[in-house]
Novice: 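The structure that follows is given in the form of structure tokens.
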Amino acid sequence: MGHLRDLLQRQVDQGWAPGAVAMVADPEGQELEVVGSRDLDGTSAMTRDSIFRIASMTKPITAAATMMLVEDGRIALADPIERWLPELAAPMVVRTPSSPIDDVVPATRPITVDDLLTFRAGYGFASDFSLPATQALMSLQKGPTPQPEVTPDAWLVALSHIPLLRQPGDAWLYNTCSDLLGVLISRASGATLPAFLADRLFEPLGMVDTGFEVPASSRDRFTTAYRPVADGRLELADLPDGRWSRPVSFPSGAGGLVSTVDDWYAFGQFLLSHGTVEDRRLLTVQSVQQLTSDHLTQPQREASELFLEGQGWGFGGSVDVAQRDPWNVPGRYGWIGGAGTAAHVIPQTGTVTILLTQREMTAATPPPLMRDFWTYAAGEPAMAESGAEDHR
């Protein structure tokens with residue numbers, strides 16, 4: 001335990017982040033470390049129930065919710081999404097990935113629910129962000145996810161005018177499919193995405209602090225968000241009474257949630273328990289296996305090296321398929337968040353690992369702290385001296 005505390009405390013002492021919360025829990029017990037403060041001033045101590053913006057750690061939760069609709073019989077993996085997202089009924093695809101956005105051909109087949117879950121719908125980000133179709137997507141959203149004040153209906157209409165980067169099923173592309181799943185969940189269920197997640201996942205699992213906004217009564221536990229600048233300093237990105245202090249028009253299924261270490265631990269335990277909580281089954285064993293199993297081909301994994309680093313992809317999260325590094329454990333499932341967070345489950349050992357910070361990532365490559373934490377969680381000596389800057 002001392003080593004994990006040292007690893008985190010060194011980051012705080014060197015100014016990498018104001019504070020951090022980390023958990024490594026296996027069947028033998030739960031190791032939790034809480035260090036530092038929720039803000040740079042050091043006026044609010046980090047606690048076990050501190051609330052963080054978990055960013056893309058939202059994706060596995062959105063995927064699990066989608067599988068609940070599959071089990072309800074409201075949707076099927078092979079269904080074309082045009083039934084619920086008619087705006088995307090006739091997608092066009094750029095002739096080649098580098099073609100201008102007006103050089104297009106029709107999609108060879110409809111986009112399916114399975115395409116969204118596996119990130120192979122044709123929408124999303126490739127390793128080359130300069131591609132015209134990728135630039136158009138970024139311009140539409142002014143970033144990786146839709147702006148919070150845009151309505152899902154308006155976003156879909158605008159998205160329908162941007163061509164797919166690849167044909168459906170051909171390639172893994174990052175991020176956009178989870179936002180499409182969020183809209184699909186709402187339209188197929190007849191509820192808002194926040195309401196559906198609260199009813200079907202958060203309340204049954206006791207995830208009391210997870211949602212798309214932080215109520216005033218909990219804002220004293222909400223961390224301040226920071227981003228690094230060129231000289232190594234941290235600048236303010238968002239305050240506790242900022243972006244997450246009010247409802248948004250577009251709740252992002254790709255990255256809109258806030259949560260705590262114990263809430264995501266409850267979700268991780270739900271996955272390790274094959275979809276059950278307190279003897280209540282929320283998902284079948286088969287659905288959890290589909291969530292946490294790799295669905296990509298080897299060429300698709302290789303083409304996604306920037307994001308996946310050679311690993312696979314289940315539904316809404318990565319799946320380790322090889323031990324390329326000390327932290328890779330075959331079968332490990334989960335994902336990282338651009339807000340400086342990461343969470344995984346390791347079915348082989350029954351382990352849940354969670355790291356929460358409020359320092360935004362500067363690139364797709366995880367920073368050394370994440371890698372050192374994963375190495376520690378895998379039971380290996382840390383490779384890097386924590387405190388180094390992000391290496392992309």
Side-chain angles (χ1 to χ4, degrees), residues 56 58-91 93 107-124 152 156 159-160 164-191 193 196-197 199-201 252-254 267 270-271 274-276 281-301 304 308 311-319 321 331 333-335 345 347:
S56 288
T58 302
K59 289 176 170 65
I61 294 173
T62 300
T66 305
M67 293 306 293
M68 290 179 170
L69 283 175
V70 171
E71 293 193 359
D72 289 347
R74 298 193 185 187
I75 63 177
L77 295 180
D79 284 344
I81 63 171
E82 62 192 58
R83 175 179 171 186
W84 304 277
L85 310 179
E87 296 91 341
L88 307 182
V93 188
T108 55
R109 66 166 176 80
I111 299 170
T112 66
V113 174
D114 184 79
D115 291 330
L116 295 185
L117 286 164
T118 60
F119 280 29
R120 295 183 293 190
Y123 277 121
L156 271 175
L159 184 66
S160 69
L164 305 183
L165 183 64
R166 299 290 298 270
Q167 289 285 348
D170 281 2
W172 184 93
L173 299 170
Y174 187 53
N175 198 71
T176 308
C177 287
S178 285
D179 278 322
L180 288 168
L181 283 172
V183 181
L184 187 150
I185 288 169
S186 179
R187 291 185 177 181
S189 69
L193 180 61
F196 186 87
L197 293 182
D199 180 57
R200 300 295 296 272
L201 271 172
S252 171
F267 179 71
F270 157 73
L271 296 178
H274 308 294
T276 62
R281 181 161 294 284
L282 303 182
L283 276 179
T284 64
V285 173
Q286 180 184 17
S287 289
V288 175
Q289 288 176 337
Q290 288 177 300
L291 273 168
T292 58
S293 298
D294 177 36
H295 297 275
L296 303 186
T297 66
Q298 182 64 28
Q300 288 170 343
R301 290 194 293 268
S304 308
L308 297 180
Q311 303 305 326
W313 190 257
F315 290 167
S318 66
V319 180
V321 295
Y333 168 84
W335 196 230
V345 296

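Computed from a predicted model, the values in this text were never measured in an experiment. Values below: all heavy atoms of this structure, side chains included; hydrogens, waters and symmetry mates excluded.
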Novice: Ignoring hydrogens and angles, write down the donor-acceptor pairs under 3.5 Å from the side chains of residues 65-77, residues two or more places apart or on other chains.
Specialist:
from	atom 1	to	atom 2	distance (Å)
T66	OG1	T62	O	2.9
E71	OE1	T284	N	3.4
E71	OE2	T284	N	2.8
E71	OE2	T284	OG1	2.8
E71	OE2	S287	OG	2.5
D72	OD1	R200	NH2	3.2
D72	OD2	R200	NH1	2.8
D72	OD2	R200	NH2	3.4
R74	NH1	S189	O	3.0

Novice: Could you grab the distance from atom CH2 of W84 to atom OG of S186, nearest 0.5 Å is fine?
Specialist: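 One finds 13.5 Å between CH2 of W84 and OG of S186.
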Novice: Determine whether a donor-acceptor pair (N or O, by modelled atom type, separation under 3.5 Å) exists between the side chain of Q167 and the backbone of R109.
Specialist: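 The answer is no, because no donor-acceptor pair under 3.5 Å joins these two groups.
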Novice: Would a distance-only check, ignoring hydrogens and angles, find a side-chain to backbone donor-acceptor pair under 3.5 Å from D294 to W313?
Specialist: yes
Novice: Please name the pair of heavy atoms, one in R166 and one in D170, separated by the smallest distance, quoted to 0.1 Å.
Specialist: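 In this case the closest contact between R166 and D170 is NH2-CB, 4.2 Å.
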Novice: Only counting residues at least two apart or in another chain, list the ones meeting ring pair (Phe, Tyr, Trp, His ring centres under 6.0 Å) with Y174.
Specialist: W172, F307, W335
Novice: Would the distance check show the side chain of R301 and the main-chain N or O of V321 forming a donor-acceptor pair, the cut-off being under 3.5 Å?
Specialist: no
Novice: Which heavy-atom pair separates S56 from N175 by the least distance, and what is that distance?
Specialist: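 The answer is OG-OD1, 4.2 Å.
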Novice: Main chain of L271, side chain of Y333: is a donor-acceptor contact present, judged purely on distance under 3.5 Å?
Specialist: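 Not confirmed, Y333 side chain does not pair with L271 backbone.
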Novice: Go through the steps to decide whether R187 and L156 satisfy the test side chain to side chain contact (heavy atoms under 4.5 Å, CB included), and finish with yes or no.
Specialist: CA-CA 12 Å; R187 291 185 177 181; L156 271 175; 3.6 Å; yes
Novice: Rounded to the nearest 0.5 Å, what separates atom OG1 in T112 from atom CG in L117?
Specialist: 8.5 Å
Novice: Side-chain donor-acceptor pair under 3.5 Å between T176 and D179, yes or no?
Specialist: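 No, no side-chain donor-acceptor pair sits under 3.5 Å.
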Novice: Quick one: OG on S252 to CG on L193, what's the gap to the nearest 0.5 Å?
Specialist: 8.5 Å
Novice: Show the nearest heavy-atom pair for residues L180 and Y123, with the distance to one decimal.
Specialist: CD1-CD1, 4.1 Å
Novice: Once rounded to the nearest 0.5 Å, what's the spacing between atom SG of C177 and atom CD1 of I111?
Specialist: 7.5 Å
Novice: Indicate the atoms forming the closest heavy-atom contact of T58 with G253, along with that distance.
Specialist: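 Looks like CG2-O, 3.4 Å.
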Novice: Using distance alone, with no hydrogens and no angle criterion, decide if S318 and Q311 have a side-chain donor and acceptor under 3.5 Å apart.
Specialist: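 Not at all, the side chains of S318 and Q311 share no donor-acceptor pair under 3.5 Å.
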Novice: Enter the distance from T276:OG1 to L282:CG here, rounded to the nearest 0.5 Å.
Specialist: 8.0 Å
Novice: Could you tell me the separation between the NZ atom of K59 and the CD1 atom of I61, rounded to the nearest 0.5 Å?
Specialist: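 Interatomic distance, K59 NZ to I61 CD1, rounded to 0.5 Å: 11.5 Å.
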Novice: If you take all heavy atoms of P110 and E82, which pair is closest and at what distance?
Specialist: CB-OE1, 4.0 Å
Novice: Kindly give the heavy-atom pair with the smallest separation between L291 and A64, and that separation in Å.
Specialist: CD2-N, 3.8 Å
Novice: Determine yes or no for a side-chain-to-main-chain donor-acceptor pair under 3.5 angstrom, with H295 supplying the side chain and Q290 the backbone.
Specialist: yes
